[in-house]
Participant: 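Encoded as structure tokens, here's the structure I'll be asking about.
Being a predicted model, the structure only gives us computed values, none of them experimental. Chain A is the first sequence line, chain B the second, and so forth, proteins listed ahead of strands; every chain is numbered from 1.
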Amino acid sequence: MNLYPRFAGHVAAALNELMAAGDLPAGLSLANVAVEPPRDASHGDMATNAAMVLAKPAGLKPRDIATMLALKLNRLPEVAEVEVAGPGFLNLRLHADVWRSELATITEQGADYGRSSIGANHRINVEYVSANPTGPMHMGHCRGAVVGDALASLLEWAGYGVTREYYINDAGGQVDTLARSAHLRYREALGETVVIPEGFYPGDYLIPVGEALLAEFGGQYQSAPEAEWLGLFRTRAVALMMDRIRADLAMLGIHQDVFFSEASLGPRVQEALEALTAKGLIYEGVLEAPKGEAAEDWEPRPQTLFKSSLFGDDSDRAMQKSDGSWTYFAGDVAYHWDKLQRGYDALVNLFGADHGGYVKRMQAAVRALSDGKVPLDIKIVQMVKLLRAGEPVKMSKRSGNFVTIADMVEEVGKDVVRFIMLTKRSDSQLDFDFAKVVEQSRENPVFYVQYAHARIASLRRKLAEADFDLPEPDLALLDEADLAMVKVAVQWPRIVEQAAEAREPHRVAFYLADLAAAFHSQWNAGNDDAARRFVRADAPALTAARLALADAVGQVIRNGLAVMGVEAADELH
RNA sequence: GCAUCCGUAGCUCAGCUGGAUAGAGUACUGCCCUCCGAAGGCAGGGGUCACAGGUUCGAAUCCUGUCGGAUGCGCCA
């Protein structure tokens with residue numbers, strides 16, 4: 001069992017003993033008792049707020065409870081010193097052997113060190129990317145893709161059963177436009193000179209689609225009426241776009257489990273509507289005019305509405321248009337109905353910042369359909385500003401020229417793209433500077449973390465050349481300065497759990513930067529004082545112990561990078 | 001008009017499921033440095049955590065309001 005849960009158990013056991021002995025009133029709730037590393041390392045290795053949290057319900061002074069608890073905890077063999085501090089904190093200092101044995105645990109568990117079972121195998125669906133299949137993936141999709149994928153991995157590490165999902169918007173007017181644009185390219189492939197009118201997709205990426213359509217169908221649809229080819233071309237063009245999107249995602253190392261087609265919803269929409277009707281949440285009504293910018297073409301009309309306002313939404317939402325056809329929202333409700341039917345315990349969606357206004361109605365729908373049993377967590381992913389040496393990169397969507405994911409990955413590599421996308425909370429804006437992200441300096445976290453890993457790898461290489469036999473590592477040879485690094489490394493299981501609970505994969509990137517800093521600091525100490533070096537030809541036993549230490553740190557870095565979907569480098573160039 | 005997110009050191013950001021003197025990098029100042037992998041090391045100065053109230057033993061963190069910024073609002077997708 002990992003360090004902190006283990007000590008939480010010790011503290012709980014001690015409190016239960018005090019309750020059993022009548023020193024504390026029986027039946028106190030320990031729910032708010034926390035056992036954590038103190039913010040300031042000089043306070044010790046571990047702290048608990050138990051005395052302060054329990055003071056009021058127990059009707060005792062915090063320091064009195066702390067003193068009783070201290071006596072109990074002091075008897076634990078792992079504890080070197082207990083101190084009551086401040087308003088009633090209990091600070092524990094642990095024996096150095098505790099850190100040595102934690103280090104051994106890292107070595108034993110290896111690539112699984114940090115995996116947790118707090119997810120209890122609950123099934124969770126993470127839907128991300130869901131870019132419209134009308135073009136290749138561009139920069140705007142990139143961050144959501146990376147954050148979603150890393151979050152999915154993180155949840156797997158935390159013990160959830162994760163499904164990675166992509167929703168294909170292949171049923172609206174946009175895909176008709178795609179089909180028409182593809183038809184133009186098809187005619188072009190037949191030798192016509194075409195002009196792409198306003199409102200069509202102008203991008204060059206449709207040229208090969210036109211060629212593919214020509215190869216499949218020959219010239220039979222060149223001048224045929226639209227009704228004859230629209231559905232066919234739509235299906236084919238969407239399929240080709242999805243191939244391309246999958247290839248783009250693969251460049252980022254992303255492979256989703258389920259690609260769910262909106263067009264395939266079919267009877268699900270009616271089912272979802274019936275489910276809501278059965279709950280009395282559907283009615284015919286007229287919505288008020290939207291506020292703000294006046295909508296010229298708005299007029300009040302009776303529609304089929306969902307009472308989403310009962311579930312925290314700002315207004316009720318239309319499911320069916322006045323002509324009886326479904327709204328886009330109805331499709332989304334049906335899609336989430338389908339997810340619920342598939343039996344997930346929790347749902348997570350990643351939305352671009354431009355869909356922020358959609359959050360409440362989706363949560364309302366899921367709450368209504370699942371009777372509040374299945375939480376839908378929606379993460380908003382903010383814009384990325386692309387820069388080149390501080391200057392904004394110019395993009396023109398109108399001409400169809402934008403920076404694609406393929407461009408980015410080709411220029412700086414998958415690992416750099418992924419890492420940088422995780423260096424800020426997803427709900428704040430991110431600058432991506434092509435020049436800075438490949439810089440080899442302390443400021444660049446990708447480099448800094450990879451550099452630590454490369455240095456560790458180089459120790460092994462150096463040793464292979466040096467030709468001296470190492471004994472089995474004896475961790476007892478590690479001193480306090482060596483163990484300082486272990487104290488950072490053993491935080492990893494906590495980071496996994498906390499980041500997973502908060503659904504914030506960026507915390508992994510920050511943690512790895514901290515761990516790398518601890519390692520570099522140790523390394524640099526060796527430059528000032530040769531006695532502190534990892535490899536000491538004059539001391540094989542110490543070298544063996546320090547290498548075990550370095551390897552463990554390298555292992556934790558690899559595990560963290562694995563969650564981020566970044567490969568660890570053994571060498572930098 | 002309403003909603004969501006944001007406002008922390010000169011700059012870029014952590015911390016936000018309440019805890020002890022608010023952290024990191026960068027920039028700035030002063031020393032040191034050619035090192036197991038150069039792409040530095042150590043130390044120091046720098047903050048009314050936008051503002052005002054409230055809850056609490058305790059608030060950057062929770063609640064309310066104000067100001068400022070971003071985004072969104074539809075029978076579109």
Side-chain angles (χ1 to χ4, degrees), chain A residues 32 34 36 38-40 42-43 47 49 52-53 55-56 61-62 85-89 91 132 134 169 171-175 177 262 287 289-293 295 297-299 301-305 313-315 317-332 351-360 378 380 382-383 423-425 427-431 436 439-445 447-448 451 454-459 461-463 466 498 501-502 506-507 509-511 513-514 517 520-521 523-528 530 532-537 543 546 550 571-572:
Chain A
N32 292 324
E36 301 171 318
R39 213 163 257 188
D40 187 335
S42 71
H43 291 136
N49 61 354
M52 286 178 291
V53 173
K56 198 171 212 177
K61 288 182 192 157
F89 280 101
N91 292 328
N132 289 332
T134 55
N169 292 132
Q174 293 180 76
V175 283
T177 304
E262 180 186 1
L287 288 176
K291 298 282 163 73
E293 280 176 56
D297 54 351
W298 195 89
E299 50 183 286
R301 271 176 288 206
Q303 304 149 50
T304 305
L305 300 173
D313 198 1
D314 308 308
S315 118
R317 303 293 171 181
M319 296 285 285
Q320 246 171 341
K321 306 177 194 174
S322 51
D323 66 3
S325 61
W326 301 110
T327 60
Y328 177 80
F329 176 62
D332 247 357
F351 279 7
D354 53 343
H355 287 72
Y358 216 69
V359 172
K360 282 187 179 176
I378 299 183
I380 295 293
Q382 274 292 347
M383 302 281 153
T423 51
K424 276 183 81 168
R425 312 170 46 115
D427 54 17
S428 63
Q429 269 208 9
L430 174 78
D431 290 349
K436 283 190 181 162
E439 220 168 68
Q440 300 203 333
S441 76
R442 172 80 181 82
E443 300 170 59
N444 182 355
F447 164 76
Y448 196 64
Y451 187 32
R455 274 179 158 175
I456 291 167
S458 84
L459 290 172
R461 284 198 298 274
K462 188 179 172 62
L463 204 75
Q498 291 180 338
E501 287 303 284
H506 75 278
R507 295 191 191 196
F510 279 93
Y511 167 72
D514 281 350
H520 286 306
S521 147
W523 181 285
N524 291 326
N527 289 335
D528 290 338
R532 296 231 56 85
R533 294 188 184 187
F534 285 89
V535 174
R536 291 264 309 272
T543 300
R546 289 219 173 122
E571 291 182 66
L572 299 180

Participant: Tell me if the side-chain of A/N91 makes a donor-acceptor pair with the base of B/A20, cut-off 3.5 Å, by modelled atom types.
Facilitator: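 Yes, the side chain and the base share a sub-3.5 Å donor-acceptor pair.
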Participant: Identify which nucleotide among B/G25, B/C36, B/A20 has an atom closest to any side-chain atom of A/F89, counting heavy atoms from C-beta outward.
Facilitator: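 For the A/F89 side chain, the nearest candidate turns out to be B/A20.
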Participant: Taking atom P in both B/C16 and B/A27, what distance in whole Å separates the two?
Facilitator: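 Going atom to atom, P in each nucleotide, I get 27 Å.
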Participant: Does A/R461 make a side-chain donor-acceptor contact with the base of B/G37, cut-off 3.5 Å?
Facilitator: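 In this structure, the two groups form a donor-acceptor pair.
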Participant: Measure CZ/A/R317 against P/B/C73 and give the value in whole Å, please.
Facilitator: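 My rounded result for the distance is 10 Å.
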Participant: Nearest whole Å is fine: how far is B/A24 C1' from A/Y511 OH?
Facilitator: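 Result: 16 Å.
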Participant: Which nucleotide sits closest to the side chain of A/K321: B/C76, B/G40, B/G19?
Facilitator: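 The answer is B/C76, which lies nearest to the side chain.
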Participant: I need the CE-C1' distance between A/M383 and B/U71, as an integer number of Å.
Facilitator: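 In whole Å, B/U71 C1' lies 8 Å from A/M383 CE.
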Participant: Which nucleotide, in any strand shown, forms a Watson-Crick or G-U wobble pair with B/U55, with both distances under 3.5 Å?
Facilitator: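 Paired with no nucleotide.
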Participant: Can you see if the side chain of A/H520 gets near the phosphate of B/A39 - specifically, an N or O under 4.0 Å from OP1 or OP2?
Facilitator: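 No, A/H520 has no side-chain N/O under 4.0 Å of OP1/OP2 on B/A39.
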Participant: Taking atom C1' in both B/U61 and B/A20, compute the distance separating them and give it to the nearest angstrom.
Facilitator: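 Their C1' atoms lie roughly 15 Å apart.
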Participant: To the side chain of A/V535, which of B/C36, B/G37, B/G19 is closest?
Facilitator: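 Nearest to the side chain of A/V535 among the choices is B/C36.
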Participant: Base, sugar-phosphate, or nothing for A/A502, non-hydrogen atoms under 4.0 angstrom?
Facilitator: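 Counting heavy atoms under 4.0 Å across all strands, no contact is made by A/A502.
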Participant: Work out how far the P atom of B/C6 is from that of B/G45, and round it to whole angstrom.
Facilitator: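 That atom pair is separated by 32 Å.
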Participant: Under 4.5 Å between any side-chain heavy atoms of A/F447 and A/E439, yes or no?
Facilitator: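 Side-chain contact under 4.5 Å: no.
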Participant: Counting only side-chain N and O atoms of A/Y358, is one of them less than 4.0 Å from OP1 or OP2 of B/A3?
Facilitator: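 Negative; the distance criterion is not met.
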Participant: Rounding to an integer number of angstrom, what distance separates B/U56 and B/C63 when you compare their C1' atoms?
Facilitator: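 To the nearest whole Å, 12 Å.
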Participant: Under 4.0 Å between any heavy atoms, over every strand shown, what does A/F510 touch: base, sugar-phosphate, or nothing? Just pick one.
Facilitator: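 Since only primed, P, OP1 and OP2 atoms lie under 4.0 Å of A/F510, the category is sugar-phosphate.
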Participant: So which atom in A/L305 and which in A/A318 form the shortest heavy-atom distance, rounded to 0.1 Å?
Facilitator: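 So the two residues come closest at CD2-CA, 3.6 Å.
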Participant: If you check every side-chain atom of A/W523, which of B/A20, B/G37, B/C57 has the closest atom?
Facilitator: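 So the side chain of A/W523 is nearest to B/G37.
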Participant: Using a 4.0 Å heavy-atom cut-off across all strands, classify A/L459 as base, sugar-phosphate, or nothing.
Facilitator: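 Base contact - A/L459 has a heavy atom under 4.0 Å of at least one base atom.
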Participant: Taking only side-chain nitrogens and oxygens of A/T423, does any of them come within less than 4.0 Å of OP1 or OP2 of B/A14?
Facilitator: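 The answer is no; no side-chain N or O of A/T423 sits under 4.0 Å from OP1 or OP2.
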Participant: For the side chain of A/R507, starting at C-beta, report the closest nucleotide among B/G72, B/G15, B/C36.
Facilitator: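 The answer is B/G15, which lies nearest to the side chain.
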Participant: Less than 4.5 Å apart, any side-chain heavy atom of A/L459 and any of A/W523?
Facilitator: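 Touching, per the 4.5 Å side-chain cut-off.
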Participant: Let me know the distance between CG of A/D514 and C1' of B/G25, rounded to the nearest Å.
Facilitator: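 Atom-to-atom, A/D514 to B/G25, this comes out as 11 Å.
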Participant: How far does the P atom of B/U4 sit from the matching atom of B/G41, given to the nearest Å?
Facilitator: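 B/U4 and B/G41 have their P atoms separated by 44 Å.
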Participant: When you get a sec, tell me which of B/G37, B/A20, B/C36 is the closest nucleotide to the side chain of A/E571?
Facilitator: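 Of B/G37, B/A20, B/C36, B/G37 is nearest to the side chain of A/E571.
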Participant: Once you apply the 3.5 Å cut-off to both distances, tell me the Watson-Crick or G-U wobble partner of B/G74, or none.
Facilitator: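 No nucleotide pairs with B/G74.
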Participant: Across the strands shown, which category fits A/S458 at heavy-atom distances under 4.0 angstrom: base, sugar-phosphate, nothing?
Facilitator: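 Touches a base.
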Participant: Using the P atoms only, state how far B/C28 lies from B/G74, rounded to an integer number of Å.
Facilitator: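 So the two P atoms sit 50 Å from each other.
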Participant: Could you identify the nucleotide paired to B/C11, looking across every strand shown and requiring Watson-Crick or G-U wobble geometry with both distances under 3.5 Å?
Facilitator: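 Paired with B/C11, as far as the under-3.5 Å criterion goes, is B/G25.
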Participant: If stacking means aromatic ring centre less than 5.5 angstrom from the base's six-membered ring centre, planes under 30°, is A/H43 stacked on B/A20?
Facilitator: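 Yes; by the centre-distance and plane-angle rule, A/H43 counts as stacking on B/A20.
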Participant: Between A/T543 (side chain only) and A/R536 (backbone N and O only), is there a donor and an acceptor less than 3.5 Å apart?
Facilitator: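 Yes; at least one donor-acceptor contact below 3.5 Å.
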Participant: Check every atom of B/G37, B/U21, B/G41 against the side chain of A/K462 and return the nucleotide holding the closest atom.
Facilitator: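 Among B/G37, B/U21, B/G41, the one nearest the side chain of A/K462 is B/G37.
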Participant: Rounding to a whole Å, what distance do you find between A/K436:NZ and B/U12:C1'?
Facilitator: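 Taking atom C1' of B/U12 as the reference, NZ of A/K436 is at 8 Å.
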Participant: With rounding to the nearest 0.5 angstrom, report the CG to CG distance, A/N169 to A/N132.
Facilitator: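 Here the rounded value is 4.5 Å.
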Participant: What nucleic acid atoms does A/E443 come within less than 4.0 Å of, heavy atoms only: base, sugar-phosphate, or nothing?
Facilitator: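 Touches sugar-phosphate only.
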Participant: If you only use heavy atoms from C-beta on, which nucleotide in B/A39, B/U17, B/U21 is closest to the side chain of A/Q498?
Facilitator: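 It is B/U17.
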Participant: Taking atom C1' of B/U4 as reference, at what distance in whole Å does atom CG of A/D313 sit?
Facilitator: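 One finds 12 Å between C1' of B/U4 and CG of A/D313, rounded.
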Participant: Determine: side-chain N/O of A/R425 to OP1/OP2 of B/C6, distance under 4.0 Å, yes or no.
Facilitator: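 For B/C6, OP1 or OP2 has a side-chain N or O of A/R425 closer than 4.0 Å.
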Participant: I need the CG-P distance between A/D528 and B/C36, as an integer number of Å.
Facilitator: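 Result: 12 Å.
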Participant: Minimum heavy-atom separation for A/I380 and A/G356, please, with both atom names.
Facilitator: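 So the two residues come closest at CD1-CA, 3.8 Å.
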Participant: Just how far, in rounded Å, is P of B/U12 from CG of A/L430?
Facilitator: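 Atom-to-atom, A/L430 to B/U12, this comes out as 13 Å.
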Participant: Give, for atom CZ of A/R507 and atom CZ of A/R425, the distance between the pair rounded to the nearest 0.5 Å.
Facilitator: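 Output value for this atom pair is 8.0 Å.
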Participant: Nearest 0.5 Å please: distance from the CZ atom of A/R317 over to the OG1 atom of A/T304.
Facilitator: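 Separation between the atoms: 16.0 Å.
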Participant: Using a heavy-atom cut-off of under 4.0 Å over every strand shown, decide if A/A318 touches base, sugar-phosphate, or nothing.
Facilitator: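 It contacts sugar-phosphate atoms only.
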Participant: For B/G37, take OP1 and OP2 only and decide whether either is under 4.0 Å from a side-chain N or O of A/R533.
Facilitator: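 No, outside the criterion.
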Participant: Watson-Crick or G-U wobble partner for B/A20, using a 3.5 Å limit on both distances?
Facilitator: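 Looking at the geometry, B/A20 pairs with no nucleotide.
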Participant: To the nearest 0.5 Å, what is the distance between OH on A/Y451 and CD on A/Q440?
Facilitator: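 It is 9.0 Å, given to the nearest 0.5 Å.
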Participant: Which nucleotide in the set B/A70, B/C57, B/A39 lies at the smallest distance from any side-chain heavy atom of A/L572?
Facilitator: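 Out of B/A70, B/C57, B/A39, the nucleotide with an atom closest to A/L572's side chain is B/A39.
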Participant: So what's B/G46 paired with, Watson-Crick or G-U wobble, going by both distances under 3.5 Å?
Facilitator: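 Paired with B/G46, as far as the under-3.5 Å criterion goes, is no nucleotide at all.
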Participant: Does B/G37 have a Watson-Crick or wobble partner in any strand here, with both distances under 3.5 angstrom, and which is it?
Facilitator: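 Across all strands, not a single nucleotide pairs with B/G37.
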Participant: With rounding to whole Å, what would you report as the distance between B/U12 and B/U48 at their C1' atoms?
Facilitator: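 About 22 Å, rounded to a whole number of Å.
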Participant: Take atom C1' in B/G7 and the same atom in B/A14, then report the distance between them in whole Å.
Facilitator: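 Roughly 15 Å separates the two C1' atoms.
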Participant: Which sits closer to the 5' end of RNA chain B, A/T327 or A/S441, going by the nucleotide each is nearest to?
Facilitator: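 Its nucleotide being nearer the 5' end, the pick is A/S441.
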Participant: When you get a sec, tell me which of B/G74, B/U17, B/A39 is the closest nucleotide to the side chain of A/F447?
Facilitator: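 Between B/G74, B/U17, B/A39, the one nearest the side chain of A/F447 would be B/A39.
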Participant: Where each residue is assigned the nucleotide of RNA chain B containing its nearest heavy atom, which of A/D314 and A/N169 is assigned the position nearer the 5′ end?
Facilitator: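 That would be A/D314.
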Participant: Give a yes or no answer on whether the side chain of A/T327 reaches the backbone of A/Q320 with a donor-acceptor pair at less than 3.5 Å.
Facilitator: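 Side chain of A/T327 to backbone of A/Q320, a donor-acceptor pair under 3.5 Å: no, none is there.
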